[in-house]
Every structure is written in C-alpha cells, then in structure tokens.
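Side chains are part of it too, since the values below use all heavy atoms of this structure and drop only hydrogens, waters and symmetry mates. All values reported here derive from a predicted model rather than from experimental measurement. The first residue of the sequence shown is numbered 1, and numbering continues consecutively from there.
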Amino acid sequence: MDDISWLSMVLATLMPILIGFLYYHKNVFGNVWLDTISTRENQTKKPNNIVTLIVAILLSFFLSFFLLNFNNSGINQEGDFDTFAHGAWHGTFIAVTTVAPVIVVQGFFGRRKWKHMLINILYWMITLALMGGILDSMNHWQNIPMPDGF
C-alpha cells in the first residue's frame, strides 16, 4: 500500500453519490422509498444541499480509505486477490455484516418499515461492492498477471 491510486480514491469516494442519484431516482426506488417515510418527515424544511454534499463527500472519502485498507489487510493479500471481484466481495461482506445490522437496528428503533430498510441495505450492498471493486483492482494493477508482451 505504498502507492495509493488517488484516481481510485476519487472514483470510490464519488460512488455513493453517483449510485444514490441513480438508485433513489423516482423511476428506480425513489418513489417507493419516499412512500416508506412518514408524512411528518416529508414536511420538514429542506436541507442545505451544499453542506449535505460536502459532508457526504468527506464521509465517503473516509469510507473509501477504510475499504482500501480492509481490502489489503491480512496475509497473502497480494497477487491473485487483486481483482475487481475480490474487492466487490469485501464491499458486499462489509455491507452484510456491518451496514445491514446497523440499518435494521436503527430501523426497529425508528419504527421503519421493512421495505425502507431493505431498500437502504440493497443500496449499500451495491455501493460498497462497487467501491471495493474499484479500490482493489485499481490499486494493484501491477500485480495482475498479464500475457507476455504487455
């Protein structure tokens, strides 16, 4: 991990925002997700979009940095495991074992519908899988076996 691909960090950091824009669009899961939120929450004042975007980017960077380190911790993590699929597996593993329980516990206490929780869990599974895949593959391209002549 001496040489970090900063392009991979930028791409992974932007992934939650890009996927969220598509995933929560009204033609995908946006309307269904909004239907699971109570009327009381729909009537609150609008957030400051600039502040929201800055905080989202900052926290996404922290998440990307964690995933980069998580993908590369442990014994024998170099070589055959430096693939998009391996990084995507790590992202999915984190989504299932860490993010999903947090969303469900928070959903129970917040009295959310299961549909609401499942939509959010699926979003994070997709997003973390893509982030992990990008980070693992782009930070180890030099370790991927190539045919002679490359």
Side-chain angles (χ1 to χ4, degrees), residues 1-38 41 44 47-146:
M1 281 234 338
D2 296 336
D3 299 320
I4 294 175
S5 167
W6 290 104
L7 176 60
S8 73
M9 289 295 288
V10 169
L11 291 174
T13 296
L14 293 176
M15 201 55 48
I17 294 159
L18 296 173
I19 298 300
F21 178 77
L22 297 171
Y23 186 84
Y24 289 105
H25 188 272
K26 65 180 182 176
N27 293 330
V28 184
F29 284 110
N31 287 334
V32 176
W33 181 76
L34 283 174
D35 287 344
T36 65
I37 298 174
S38 69
E41 291 177 84
T44 61
N48 183 334
N49 289 334
I50 300 296
V51 172
T52 301
L53 187 61
I54 290 169
V55 170
I57 289 171
L58 180 65
L59 294 176
S60 294
F61 177 78
F62 291 156
L63 188 55
S64 296
F65 188 74
F66 168 77
L67 276 170
L68 178 66
N69 286 291
F70 185 81
N71 283 347
N72 295 295
S73 63
I75 301 169
N76 298 324
Q77 287 292 312
E78 300 296 325
D80 294 338
F81 296 105
D82 298 330
T83 64
F84 185 90
H86 182 253
W89 161 246
H90 277 245
T92 304
F93 179 79
I94 290 169
V96 170
T97 61
T98 306
V99 176
V102 169
I103 288 173
V104 171
V105 169
Q106 183 181 21
F108 281 164
F109 282 105
R111 298 189 180 182
R112 298 282 186 199
K113 296 178 182 177
W114 270 105
K115 188 185 292 186
H116 178 84
M117 292 184 274
L118 292 174
I119 288 170
N120 288 327
I121 290 168
L122 182 60
Y123 161 76
W124 281 110
M125 286 177 69
I126 293 166
T127 301
L128 289 171
L130 290 173
M131 290 173 75
I134 288 168
L135 290 165
D136 210 19
S137 63
M138 289 182 73
N139 278 286
H140 300 288
W141 60 269
Q142 66 274 19
N143 294 334
I144 297 173
M146 296 294 236

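Judged purely by distance below 3.5 Å, without hydrogens or angles, the side chains of N139 and S5 never pair a donor atom with an acceptor atom. A donor-acceptor contact closer than 3.5 angstrom is absent between the side chains of N120 and Y23.
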Exercise. Determine, step by step, whether I50 and I54 satisfy the side chain to side chain contact (heavy atoms under 4.5 Å, CB included) criterion, reporting the C-alpha distance in whole Å, the side-chain angles of both residues, the deciding distance to 0.1 Å, and the verdict.
Key: CA-CA 6 Å; I50 300 296; I54 290 169; 3.8 Å; yes
Practice problem: Let me see the working for V28 and L22 under side chain to side chain contact (heavy atoms under 4.5 Å, CB included), right down to the final yes or no. | Solution: CA-CA 7 Å; V28 184; L22 297 171; 5.7 Å; no
Self-check item: Residues W114, V104; criterion side chain to side chain contact (heavy atoms under 4.5 Å, CB included); working and verdict
Solution: CA-CA 8 Å; W114 270 105; V104 171; 4.1 Å; yes
Practice problem: Would you please test L128 and L63 for side chain to side chain contact (heavy atoms under 4.5 Å, CB included) and show each step? | Solution: CA-CA 9 Å; L128 289 171; L63 188 55; 3.7 Å; yes
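Surrounding CZ of F93 are at most 12 heavy atoms belonging to other residues, nucleotides or ligands under 6.0 Å away. When the shell of 6.0 Å around CZ of F108 is examined, it contains more than 12 heavy atoms from other residues, nucleotides or ligands.
Y24 has its ring centre less than 6.0 Å from the ring centre of Y123.
Minimum interatomic distance between L68 and L135 (heavy atoms only, all atoms of both residues): N-CD1, 3.9 Å. Smallest separation of non-hydrogen atoms from F84 and S137: N-CB, 3.7 Å. Contact detail for P101 and V96: the closest heavy-atom pair is CD-O, 3.4 Å. Heavy-atom minimum distance, A129 versus T92: CB-OG1, 3.4 Å. The two atoms that bring I94 and F66 nearest to each other are CD1-CE2, 3.5 Å, heavy atoms only. Heavy-atom minimum distance, M15 versus M131: CB-CG, 3.7 Å.
A 4.5 Å side-chain heavy-atom check between L53 and I17 finds at least one atom pair inside the cut-off. Taking the side chain as every heavy atom from C-beta outward, H90 and D136 never approach each other to under 4.5 Å. L130 places a side-chain heavy atom less than 4.5 Å from the side chain of I126.
Put simply, CD1 on I121 and NE2 on H116 are 10.0 Å apart, with the number rounded to the nearest 0.5 Å. In this structure, M9 CE and F65 CZ are separated by 6.5 Å, a value rounded to the nearest 0.5 Å.
For T13, the side chain to side chain donor-acceptor pair (under 3.5 Å) criterion is met by S64, not counting sequence neighbours.
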